[in-house]
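Below is one structure, written out as structure tokens, with a few remarks after it.
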There are 2 protein chains.
Amino acid sequence: MHENQHSMEPGAERRILEAAAKVFMMKGKLGASMQDIADEAGINRTLLHYYFRNKDKLFDKVFEKLFARALPAMLGIMSSNRPLLERIERFVEAYTILLRENPYLPVFIFQEISLNPERLAGTLREMGINPEQTLLGLRAELEQAGMRGTDPRHILASMMGMVLFPYIGRPLFQTIAFRGEEEAYEKFLSERTKLIPQFFKLALAGAAIQK
Amino acid sequence: MHENQHSMEPGAERRILEAAAKVFMMKGKLGASMQDIADEAGINRTLLHYYFRNKDKLFDKVFEKLFARALPAMLGIMSSNRPLLERIERFVEAYTILLRENPYLPVFIFQEISLNPERLAGTLREMGINPEQTLLGLRAELEQAGMRGTDPRHILASMMGMVLFPYIGRPLFQTIAFRGEEEAYEKFLSERTKLIPQFFKLALAGAAIQK
DNA sequence: GTCTATATGGCGATAGAC
DNA sequence: GTCTATCGCCATATAGAC
């Protein structure tokens, strides 16, 4: 792509993207300046323009990358064909790992989509994600997996919320409910990995009793 | 506060705050210009400065107002002394009403806190919220309310996540799981009002069986 | 209190030397 | 490919007339 005559630092583009991802996530799209990103990457500001033309294009690339990192885990649970409880376990594990490494990811993504919903359809198309088809699979599979009569999307939304909330609302929740203590909160997050699947298990058990 | 010699449109300050809240929520703090807010309020741009001095101060006022609108419902469930399931029901109802009228509220608040966590402690203090005390009450009350041995904060986090996620992730979730259909999603949101408390009921029932 | 006109600064973007 | 210098815009903010 950038086969130029002079020596180009190998992986410069990747290093820029990593720096940009970090800065965009921490300061937001508009709060981050090109200078901030250049500093973080340890390069000259104008090089950003050389590689990515302008800020919008750079941001788009970063967003696509981060979005592609976050979404598959969500669709995984939808499209696998394991038992419901096992799928929940795998889902929670996958997201816990992802979020431990990228705690700002959910706020960043939801904020961006919220401010710019028009772009979503196109992004999904480019990623080769077909909502129609995914939905069909989900419906059929989850419908008969345990919660008969309940729209399986409720399970999915509940699961997503239970997993994501402690990260999305971390500063607030940690301050109010944990006196701001980091270590205690980390422990809390770890506990949830086991606790969330267990919670669904209990709910399913309870549902079975009710019949 | 603004007792001036000339006729001031009554409630101008409030009208500005409402307009600003709307614009800030839809465009973000940096994406919103003072001109945008002035247009929304139907006044001249410089009047914003007359009333609120500068953009930061205006934003702070807006944020405080919105934060004060969102937080009490959360603390309510913590500090009441009703049975656990009843508290959950009330909590879900209260938030459903709030979110139906202010769908952008959670993203806005979590984004701002995420970008500006330093301000949080001060804001809570100004609002007269004492995390220490709230936490003590919560611990004692929920501990003996049903989920023995489980940190009650897990219940709270789960509840918050289940309620908030469909709003925070609405554009994405509605697109993927509902083909973008508005009406179907509205119905989905309504269903959750009953479904979430029911879900906790089942989990508690399941927990009872396990003993 | 409300308006017009203007100052100021920051940031994205490009030109052009090397 | 990388740098320096510079242009031009836009948004905040203020001065000052009415």
Side-chain angles (χ1 to χ4, degrees), chain A residues 1-64 108 111-112 115-116 119, chain B residues 1-64 108 111-112 115-116 119:
Chain A
M1 201 184 237
H2 286 292
E3 341 85 30
N4 295 293
Q5 52 273 56
H6 291 61
S7 66
M8 173 185 133
E9 189 158 345
E13 198 162 321
R14 199 181 325 116
R15 270 189 28 245
I16 292 175
L17 282 174
E18 275 169 33
K22 187 173 171 185
V23 176
F24 276 136
M25 278 197 281
M26 288 184 51
K27 298 195 169 192
K29 176 178 181 178
L30 282 68
S33 75
M34 294 295 265
Q35 187 63 59
D36 291 334
I37 296 168
D39 291 346
E40 177 70 30
I43 58 165
N44 188 282
R45 204 173 56 80
T46 52
L47 273 183
L48 296 179
H49 289 93
Y50 175 79
Y51 282 105
F52 297 93
R53 191 139 190 96
N54 61 41
K55 188 181 180 180
D56 271 330
K57 287 195 169 42
L58 172 57
F59 181 82
D60 287 350
K61 276 264 188 294
V62 167
F63 181 77
E64 270 175 44
F108 173 76
Q111 157 80 356
E112 174 55 24
L115 293 183
N116 234 323
R119 199 164 32 185
Chain B
M1 200 182 240
H2 285 292
E3 341 84 30
N4 294 292
Q5 51 272 60
H6 290 61
S7 66
M8 171 186 134
E9 189 157 345
E13 199 162 320
R14 199 181 326 115
R15 269 190 28 246
I16 291 175
L17 282 173
E18 275 169 33
K22 186 173 173 185
V23 176
F24 276 136
M25 278 198 282
M26 288 185 51
K27 298 195 170 191
K29 175 178 180 177
L30 281 69
S33 74
M34 295 294 265
Q35 187 63 59
D36 291 335
I37 296 168
D39 291 347
E40 177 70 31
I43 58 165
N44 188 282
R45 216 190 75 242
T46 52
L47 274 183
L48 297 179
H49 290 92
Y50 176 80
Y51 282 106
F52 297 93
R53 189 133 194 100
N54 61 40
K55 189 181 180 179
D56 270 331
K57 287 196 170 44
L58 172 56
F59 181 82
D60 287 350
K61 275 265 189 296
V62 168
F63 181 76
E64 268 174 47
F108 174 77
Q111 156 81 357
E112 173 55 23
L115 293 183
N116 234 322
R119 200 165 29 185

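Chain A is the first sequence line, chain B the second, and so forth, proteins listed ahead of strands; every chain is numbered from 1. None of the values given here were measured: they were computed from a predicted structure. Any value given below was found using the heavy atoms of this structure, including those in side chains, with hydrogens, waters and symmetry copies removed.
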Nearest-0.5 Å distance that lies between atom [atom1] in [X] and atom [atom2] in [Y]:
X	Y	atom1	atom2	value
B:I43	B:Y50	CD1	OH	12.0 Å
A:T46	A:L48	OG1	CG	8.0 Å
B:D39	B:S33	CG	OG	7.5 Å

Take the protein atom [atom1] of [X] and the nucleotide atom [atom2] of [N], then report the distance between them rounded to whole Å.
X	N	atom1	atom2	value
A:D56	C:dC11	CG	C1'	13 Å
B:R53	D:dA15	CZ	C1'	13 Å
A:F59	C:dG12	CZ	P	13 Å
B:L58	D:dA13	CG	C1'	14 Å
B:I43	C:dC3	CD1	C1'	12 Å
B:N54	D:dA13	CG	P	5 Å
A:L48	D:dT2	CG	P	11 Å
A:H49	C:dA13	NE2	P	4 Å

All N/O pairs under 3.5 Å across the protein-nucleotides 4-9 of chain D interface:
residue	atom	partner	partner atom	Å
D:dT4	OP2	A:N44	ND2	3.3

Exercise. Taking only residues two or more places apart in sequence, or in another chain, which ones meet B:D60 in a salt bridge (charged side-chain N to carboxylate O under 4.0 Å, His left out)?
Worked result: B:R119
Exercise. Salt bridge (charged side-chain N to carboxylate O under 4.0 Å, His left out) with A:K55: which residues, sequence neighbours excluded?
Worked result: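 If we apply the salt bridge (charged side-chain N to carboxylate O under 4.0 Å, His left out) test to A:K55, skipping adjacent residues, there are no hits.
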Problem set entry | Check: B:F108 and B:F63 side chains under 4.5 Å, non-hydrogen atoms | yes
Exercise. Do B:L115 and B:K29 come close enough that some side-chain heavy atom pair is under 4.5 Å?
Worked result: no
Under 3.5 Å, side-chain donor or acceptor atoms of residues 16-28 of chain B against the rest of the protein: list the pairs with distances, not counting sequence neighbours.
residue	atom	partner	partner atom	Å
B:K22	NZ	B:E40	OE2	3.2
B:K27	NZ	B:D36	OD2	3.3

Exercise. Sequence neighbours excluded, which residues qualify as side chain to side chain contact (heavy atoms under 4.5 Å, CB included) partners of A:H49?
Worked result: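 A:H49 satisfies side chain to side chain contact (heavy atoms under 4.5 Å, CB included) with A:M34, A:R45 only.
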Problem set entry | Under the side chain to side chain contact (heavy atoms under 4.5 Å, CB included) test, residues paired with A:R53 that sit two or more places apart |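 Once residues adjacent in sequence are excluded, the partners of A:R53 under the side chain to side chain contact (heavy atoms under 4.5 Å, CB included) criterion are A:K57.
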For this session: Look at A:Y51 and D:dT2 and indicate whether a side-chain polar atom (N or O) is within less than 4.0 Å of OP1 or OP2.
Result: yes
Seminar exercise, completed: Side-chain contact check for B:L47: nearest option of C:dC3, D:dA13, D:dT2 is C:dC3
Exercise. Where along residues 21-39 of chain A does a heavy atom fall under 4.0 Å from DNA chain D?
Worked result: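 By residue number: none to list.
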For this session: Stems involving DNA chain D: give each as a range paired with a range, ordered by first number, where a stem means at least three consecutive Watson-Crick or G-U wobble pairs under 3.5 Å.
Result: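 Only these stems qualify: C:1-18 with D:1-18.
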Problem set entry | Counterpart residues, side-chain hydrogen bond (donor to acceptor under 3.5 Å, both in side chains), relative to A:N54 (two or more places apart) | none
